[in-house]
Amino acid sequence: MENVIIIGTGCAGWTAAIYTARSNLNPLVISGTQIGGQLTTTTEVENFPGFPEGIMGPDLMMKMQQQAERFGARVEYAQVTGVTRGEDGIFTLDLDGKTLQSHTVIIATGASARYLGLPGEEKLVGRGLTSCATCDGAFYRNVPVCVVGGGDSACEEATFLTRFASKVYLIHRRDPLRASKIMADRALANDKIEPVWESAIEEYLLDENGEVRGVKLVNLKTEARSELELKCVFVAIGHVPNTSFLQGTGVSLDEQGYIIQTKGTETGVPGLFAAGDVADHVYRQAITAAGQGCAAALEAERYLAAHE
Ligand code: NAP
């Protein structure tokens, strides 16, 4: 029987592991398929406090894991497929072919950026294709880039990118934008943003190093094809929270599938806490996820003390 099982190894998961390990709760961390989470798909992280020179995303995640393991956190490299809470308050977790039991569970499974689903896409992430303007925008100074999407995220990212890029094409499959009026108006009023309406990317064009040098577009109304020369594609077509394994736990999800936190990191199911991007579609930053991981650990610790 475990005191605390943490599901997920992104910033929220490892921070929860560091805190619960230092509280002598001997946490068990379940890795999931993408060990280290979203930051392992980025290059340099320049906005995580404490690294004035920046740090590569995978290195940051490895350091977090080392820090958690230094205090005794254990890692099981597996995928959780189901969580249930018995009438005795004990959680049972189904892993590939085995079960584990715990008094508390912290869900930190994050969210995965939705990409376009074009062939070879996964190999281009970090090579001129990204879903995070805050992370990667500063690498594209004085060059043209594009943002795909028509929601608030796309408008926010396009507006943010005008600080760096010479031009930002905003490629949306419809006309008008889905974004709220204020966000849409702000983006469209920006001289550096050029909307490309009713269009979709059909193909990424690559240079001799295999990096993005442009995109091939199709106009969805006229079917006319065209090409745009640019250095980076920022995809902002939404995120998918990794919550599909939570059916039957009693956790409430919003209409997009994010866990609804009832108070702090509590989920409404006693002893079950949620931290990071699996419950946060607003900030979605490494540091905010880490902060929630810390909060979930403290709340799990208090819950265990109260139920001793
Ligand atoms: P969203 O509102 O769901 O918008 C996604 C956009 O991507 C839509 O314009 C959609 O097109 C487009 N899209 C979806 N799948 C696509 C595909 N396969 N190919 C091309 N385009 C595709 O997502 P979001 O912008 O990430 O926002 C999520 C939530 O966070 C929203 O509630 C938003 O208001 C909120 N948010 C708020 C702020 C803020 O207030 N500061 C900032 C960011 C996000 P269609 O329009 O045709 O469906």
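Everything numeric here is computed off the predicted structure, so don't read it as measured data. Both counts, for ligands and for their atoms, begin at 1 and track the order of listing. Residue numbers start at 1 and run along the sequence shown.
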At what distance is the nearest protein heavy atom to atom 36 (N) of ligand 1, and which residue and atom is it? Asp152 CB, 3.7 Å
Give the residue, atom name and distance (to 0.1 Å) of the protein heavy atom nearest atom 7 (O) of ligand 1. Ile237 CA, 3.3 Å
For Trp197 and Leu177: C-alpha separation, side-chain torsions, deciding distance, then whether side-chain contact (heavy atoms from CB on, under 4.5 Å) applies. CA-CA 9 Å; Trp197 301 113; Leu177 297 169; 3.8 Å; yes
Quick check: are there more than 12 heavy atoms from other residues, nucleotides or ligands sitting under 6.0 Å from CD of Glu229? yes
Atom 8 (C) of ligand 1 has as its nearest protein heavy atom Arg178 NE, 3.6 Å
Any idea which protein heavy atom is nearest atom 23 (O) of ligand 1, and the distance to it? Gly238 CA, 4.1 Å
Would you say that more than 12 heavy atoms from the other residues, nucleotides or ligands in this model lie under 6.0 Å from the CZ of Arg70, or not? no
More than 12 non-hydrogen atoms from neighbouring residues, nucleotides or ligands closer than 6.0 Å to CZ on Arg22, yes or no? no
So is His172 touching ligand 1 or not, going by heavy atoms under 4.0 Å? yes
Proximity flag His239 to ligand 1, non-hydrogen atoms under 4.0 Å: no
Starting from atom 42 (C) of ligand 1, what is the nearest protein heavy atom, named by residue and atom, and what distance separates them? Glu156 OE1, 3.5 Å
Among Glu255, Arg174, Gln256, whose heavy atom sits nearest atom 29 (C) of ligand 1? Gln256
Check the orientation of Phe160 and Phe164. Use parallel for under 30°, tilted for 30 to 60°, and perpendicular for over 60°. perpendicular
Give a yes-or-no answer on whether the side chains of Asp94 and Thr81 include a donor-acceptor pair shorter than 3.5 Å. no
Atom 30 (O) of ligand 1: the protein heavy-atom neighbour that sits closest, reported with distance to 0.1 Å: His281 ND1, 4.0 Å
Please report which non-hydrogen protein atom sits nearest to atom 39 (C) of ligand 1, along with the residue it belongs to and the distance in Å to one decimal place. Met183 CE, 3.8 Å
Kindly confirm or rule out an N or O of Gly151 lying under 3.5 angstrom from an N or O of ligand 1. yes
Using distance alone, decide if ligand 1 has a nitrogen or oxygen within less than 3.5 Å of any nitrogen or oxygen in Arg173. yes
Atom pair CD1 (Ile171) and CD (Glu194), whose distance is rounded to the nearest 0.5 Å: 10.0 Å
Can you find an N or O of Gly150 that's nearer than 3.5 Å to an N or O of ligand 1? yes
Closest non-hydrogen atom pair between Thr104 and Asn3, with its separation: OG1-O, 2.7 Å
Nearest protein heavy atom with distance in Å, relative to atom 44 (C) of ligand 1: Ser153 OG, 3.4 Å
Spacing of OH belonging to Tyr77 relative to CG belonging to Leu95, to within rounding of 0.5 Å: 14.0 Å
Any side-chain donor near an acceptor of the partner, Asp280 and Gln292, under 3.5 Å: no
Taking non-hydrogen atoms only, is Arg284 closer than 4.0 angstrom to ligand 1 via side chain, backbone, both or neither? side chain
